Amino acid sequence: MIDIKLLREKPDDVRAGFERLGASVDLEAVLLLDARLRDLKSESQTLQAEQNRLSKEIGRQAAGEEREQAKAAGTAVKAKIEALAGALAATEAALEEKLLELPNLPHPSVPTGKDDSQNVVLREEGQKRSFNFAPQPHWDLGTKHGIIDFERGVKISGSRFYVLKSWGARLQRALITYMLDLHTEKHGYTEIYPPYMVKRECLVGTGNLPKFGENLYRDAEEDFWFIPTAEVPVTNLYRDEILEHTALPIRHVAFTACFRREQMAAGRDTRGIKRGHQFDKVELVKFVHPDNSMDELSNLLSDAEDVLKGLELPYRVVQMCTGDLSFSAMAKFDLELWAPGQNEWLEVSSCSNFGEFQARRTRIRFRDGAEKGKNRFVHTLNGSGLALPRTLIGVLETYQRADGRVDVPAVLRPYFGGITILGST
RNA sequence: GGAGAGAUGGCCGAGUGGUCGAAGGCGCACGAUUGGAAAUCGUGUGUACCGAAAGGUACCGAGGGUUCGAAUCCCUCUCUCUCCUCCA
């Protein structure tokens with residue numbers, strides 16, 4: 001949620017920001033509602049003050065004519081307040097609704113662009129492996145070894161579900177443990193194991209609702225929503241709290257399953273395990289002081305990169321242009337690893353700075369040590385560190401041998417009890 | 001799932017219709033005292049919105065109702081605790 005004061009005081013700056021996004025938003029309507037709400041509020045507050053004054057007076061009076069008159073006056077004021085109440089509540093709700101649907105404003109450093117074609121590849125890290133044979137895509141490797149069972153996944157859960165088996169499942173588990181160990185031991189994150197189902201307000205807090213409900217699964221009878229990412233429960237951990245500035249930055253890492261409806265056109269990304277309705281992810285979430293959140297974003301990105309560096313998987317860093325920024329993000333960088341079998345870059349991480357956009361929606365503030373009495377919103381950041389299925393693809397395809405067996409990356413060997421080669425010829 | 005009890009400020013805890021944004025204590029901050037500290041004493045100490053300020057408005061789990069007036073009365077919901085039941 002953007003700051004209504006900012007819109008009120010610098011409407012042209014806000015308008016320019018949304019134009020860079022290519023978003024068409026009716027700011028006039030918002031400003032109109034805001035002005036109307038302020039009028040109604042001030043009118044209502046004046047009446048309430050009058051009501052309070054009368055009530056106190058009545059309290060002091062003894063029973064009698066005067067007291068009855070004062071009571072009658074009180075009834076009249078009460079009627080006026082009630083007459084205003086409907087319009088006040090409706091205006092407040094209408095403004096809230098509009099504000100919740102406004103996207104975040106882009107950070108000045110974000111390049112202007114209309115869509116993903118104008119994203120900027122900042123750098124490529126690591127050397128793509130050269131093969132003296134044709135590398136197989138992971139779906140062939142997975143089927144050959146019996147470690148990815150697509151047919152049975154579809155049988156039990158439907159399309160876009162699969163089953164990992166044997167050392168395929170173990171490889172994924174090794175990757176999860178490796179990532180959690182790396183972030184907790186080397187990068188200073190505290191591990192969180194959150195619920196996978198959350199209340200609606202959590203999703204409003206992160207920006208998934210009210211606009212993107214069609215991407216989410218939910219329980220039909222109760223207010224339970226399946227998380228599309230650990231970002232949702234972990235960001236909401238401190239909802240409605242005022243933190244001490246000395247507690248910042250807070251760094252959390254969480255492993256969870258993620259659930260997404262993925263109502264995209266049939267036929268896209270249907271092959272393999274690249275995109276499913278359920279997938280695992282290790283997620284990094286930070287709550288930081290607003291003055292250095294962009295530096296914190298760089299650090300977060302570097303923490304995510306370390307996972308790929310450790311695994312010795314080549315990747316590239318892509319900066320999102322304004323047109324490809326997500327709803328809640330003010331700046332965003334993606335990490336894409338190279339999958340030699342299917343011959344494409346795969347997005348395995350998305351690291352964003354949300355500024356105070358989510359903090360405002362979740363009311364996460366901190367007491368600023370510098371300015372006494374001033375409570376400010378924290379900045380929230382998060383990034384995948386990393387998404388499991390695609391990292392698994394990267395390992396399978398990059399570490400495959402000509403005979404189809406797969407080498408265990410050095411950093412994963414501690415999790416494999418001495419095994420260094422997976423599969424049989 | 002059944003029965004009962006409860007939800008007040010950072011924490012504990014008083015408050016059953018008016019002068020209560022809320023006693024008291026703890027904690028915390030600042031000051032006094034001290035060579036320094038402990039102890040002691042004094043002052044201060046919730047959040048949001050409106051206002052240049054003075055000040056005003058709202059909030060005592062949430063929502064609704066009664067009343068001129070609600071932390072206090074009524075209704076609904078949520079959550080917590082105890083006992084029983086069940087269970088990984």
Side-chain angles (χ1 to χ4, degrees), chain A residues 1-9 30-96 98-100 193-205 218-219 221-225 233 236-248 250 257 287 290 356-378:
Chain A
M1 195 148 68
I2 66 158
D3 186 359
I4 185 73
K5 277 188 205 153
L6 182 70
L7 175 60
R8 206 182 285 150
E9 285 158 21
V30 177
L31 283 166
L32 216 65
L33 280 169
D34 177 51
R36 179 161 161 70
L37 180 63
R38 282 152 62 82
D39 283 349
L40 286 167
K41 260 191 179 163
S42 125
E43 196 178 340
S44 166
Q45 286 187 2
T46 308
L47 288 167
Q48 280 171 334
E50 171 67 3
Q51 184 181 45
N52 288 343
R53 194 187 61 74
L54 277 168
S55 296
K56 279 185 184 165
E57 200 179 294
I58 294 167
R60 272 185 253 107
Q61 286 168 330
E65 182 63 22
E66 265 185 52
R67 191 179 165 131
E68 290 313 309
Q69 275 177 13
K71 276 195 186 184
T75 309
V77 174
K78 187 184 174 184
K80 282 191 200 166
I81 292 172
E82 277 167 4
L84 273 181
L88 188 69
T91 308
E92 202 157 27
L95 179 62
E96 172 89 354
K98 286 250 191 284
L99 285 175
L100 283 177
Y193 176 82
Y196 288 7
M197 293 191 282
V198 295
K199 293 191 276 188
R200 165 186 199 90
E201 64 198 66
C202 292
L203 290 148
V204 174
R218 66 169 180 277
D219 180 272
E221 282 157 26
E222 310 203 42
D223 185 31
F224 282 137
W225 297 67
N236 279 277
L237 237 32
Y238 303 104
R239 118 186 322 278
D240 288 314
E241 291 191 32
I242 301 173
L243 307 164
E244 293 302 329
H245 73 280
T246 48
L248 304 178
I250 295 173
F287 304 83
E356 59 178 44
F357 187 82
Q358 294 180 327
R360 204 172 268 288
R361 289 172 160 240
T362 45
R363 295 170 300 277
I364 303 173
R365 289 161 292 168
F366 72 102
R367 264 180 261 280
D368 194 343
E371 268 182 281
K372 235 173 61 183
K374 281 280 180 193
N375 295 329
R376 301 172 65 188
F377 288 103
V378 299

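The model shown is predicted, which means the values in this text are computed figures rather than measured ones. Computed from heavy atoms alone, side chains included, the values below leave out hydrogens, waters and symmetry copies. Each chain gets a letter, A, B and so on, in the order the sequences are listed, and its residues count up from 1.
A 4.5 Å side-chain heavy-atom check between A:E201 and A:R239 finds at least one atom pair inside the cut-off. The side-chain heavy atoms of A:R376 and A:R365, taken from C-beta on, include no pair separated by under 4.5 Å. At a threshold of 4.5 Å between non-hydrogen side-chain atoms, the residues A:F224 and A:R218 do not count as touching. Using a 4.5 Å cut-off on side-chain heavy atoms (C-beta onward), A:I58 and A:R67 make contact.
Across B:G63 and B:A54, the matching C1' atoms stand 36 Å from one another, rounded to whole Å. Comparing the same atom, C1', in B:G36 and in B:U19 gives a spacing of 48 Å after rounding to whole Å. Going from the C1' atom of B:U57 to that of B:G69 covers 16 Å, rounded to whole Å. Atom name C1', nucleotides B:G65 and B:G56: the rounded distance is 27 Å, in whole Å. Comparing the P positions of B:C83 and B:C30 gives an interatomic distance of 45 Å, to the nearest angstrom. Using C1' as the reference atom, B:G24 and B:U8 are 14 Å apart when rounded to the nearest Å. Atom C1' of B:C49 sits at a distance of 16 Å from the matching atom of B:G21, rounded to the whole Å. Rounded to the nearest Å, the gap between the P atom of B:U40 and that of B:A23 is 22 Å.
For B:U47, one of the phosphate oxygens OP1 or OP2 lies less than 4.0 angstrom from a side-chain nitrogen or oxygen of A:R367.
Atom-to-atom, CD of A:E244 to C1' of B:G27 comes out at 13 Å; the value is rounded to the nearest Å. One atom, CD of A:E82, and another, P of B:G64, lie 13 Å apart when rounded to the nearest Å. Distance NZ (A:K199) to P (B:C79): 7 Å, rounded to an integer number of Å. Taking atom CD of A:E222 as the reference point, atom C1' of B:C77 lies 13 Å away to the nearest angstrom. Computed from coordinates, the A:R200 CZ to B:U78 P distance equals 17 Å when rounded to whole Å. Summarising the geometry, the separation between CG on A:D240 and P on B:G9 is reported as 14 Å, rounded to the nearest angstrom. Distance A:Q69 CD to B:G69 C1': 18 Å, rounded to the nearest Å. Per the geometry, CD belonging to A:E68 stands 15 Å off P belonging to B:U67, to the nearest Å.
Within 6.0 Å of the CD atom in A:E66, the count of heavy atoms belonging to other residues, nucleotides or ligands does not exceed 12.
No side-chain donor-acceptor contact under 3.5 Å links A:R360 to the backbone of A:G205. Listed for the A:R361 side chain is a donor-acceptor partner under 3.5 Å among the backbone atoms of A:V204. Remark: side-chain polar atoms of A:S44 are not paired, donor with acceptor, to backbone N or O of A:L40 under 3.5 angstrom.
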All N/O pairs under 3.5 Å across the protein-nucleotides 56-58 of chain B interface:
| from | atom 1 | to | atom 2 | distance (Å) |
| --- | --- | --- | --- | --- |
| B:G56 | N2 | A:Q45 | OE1 | 3.2 |
| B:U57 | OP1 | A:N52 | ND2 | 3.0 |
| B:U57 | O3' | A:Q48 | OE1 | 3.4 |
| B:U57 | O2' | A:Q48 | OE1 | 2.8 |
| B:A58 | OP2 | A:N52 | ND2 | 3.4 |

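Remark: of the listed residues A:Y238, A:F377, A:F366, A:Y238 is the sole one forming a ring-ring contact (aromatic ring centres under 6.0 Å, His included) with A:F287. Paired with A:V378 under the rule side-chain contact (heavy atoms from CB on, under 4.5 Å), one option of A:L248, A:I242, A:T362 passes, and it is A:L248.
Pairing for B:U57 is with B:A48, a Watson-Crick or G-U wobble pair whose two hydrogen-bonding atom distances lie under 3.5 Å. In this entry B:A88 has no Watson-Crick or G-U wobble partner, no candidate having both defining distances under 3.5 Å. Across all strands shown, B:U78 is found opposite B:A7 as a Watson-Crick or G-U wobble partner, with both distances under 3.5 Å. Pairing partner, B:A32: B:U40, with both Watson-Crick or wobble hydrogen-bond distances short of 3.5 Å. Using N1 to N3 plus N6-O4 or O6-N4 for Watson-Crick, or N1-O2 and O6-N3 for G-U wobble, each under 3.5 Å, B:C68 pairs with B:G18. Under the Watson-Crick or G-U wobble criterion, with both distances below 3.5 Å, B:A23 has no partner in any strand shown.
Base engagement by A:G59 is indicated by at least one non-hydrogen atom pair under 4.0 Å involving a base atom. At the heavy-atom level, A:R8 lies under 4.0 Å from the strands shown only through sugar-phosphate atoms. Residue A:R365 is classed as a sugar-phosphate contact, given heavy-atom separations below 4.0 Å to backbone atoms only. Counting any heavy atom pair closer than 4.0 Å across all strands shown, A:T75 reaches sugar-phosphate atoms only and no base atom. Base engagement by A:I58 is indicated by at least one non-hydrogen atom pair under 4.0 Å involving a base atom.
We find that A:E57 and A:R60 are not joined by a salt bridge, their nearest charged nitrogen and carboxylate oxygen being 4.0 Å or further apart. Between A:D223 and A:K199 no salt bridge is recorded (no basic side-chain N to carboxylate O distance below 4.0 Å).
Scanning residues 32-41 of chain A for heavy-atom distances under 4.0 Å to RNA chain B yields A:R38.
With RNA chain B read from its 5' end, the first of the two nearest nucleotides for A:K5 and A:A72 is the one closest to A:K5.
Of the candidates B:A48, B:C49, B:C68, the closest approach to any side-chain atom of A:S55 belongs to B:C68. Of the candidates B:U67, B:A48, B:C50, B:A48 carries the atom nearest the A:N375 side chain, counting heavy atoms from C-beta on.
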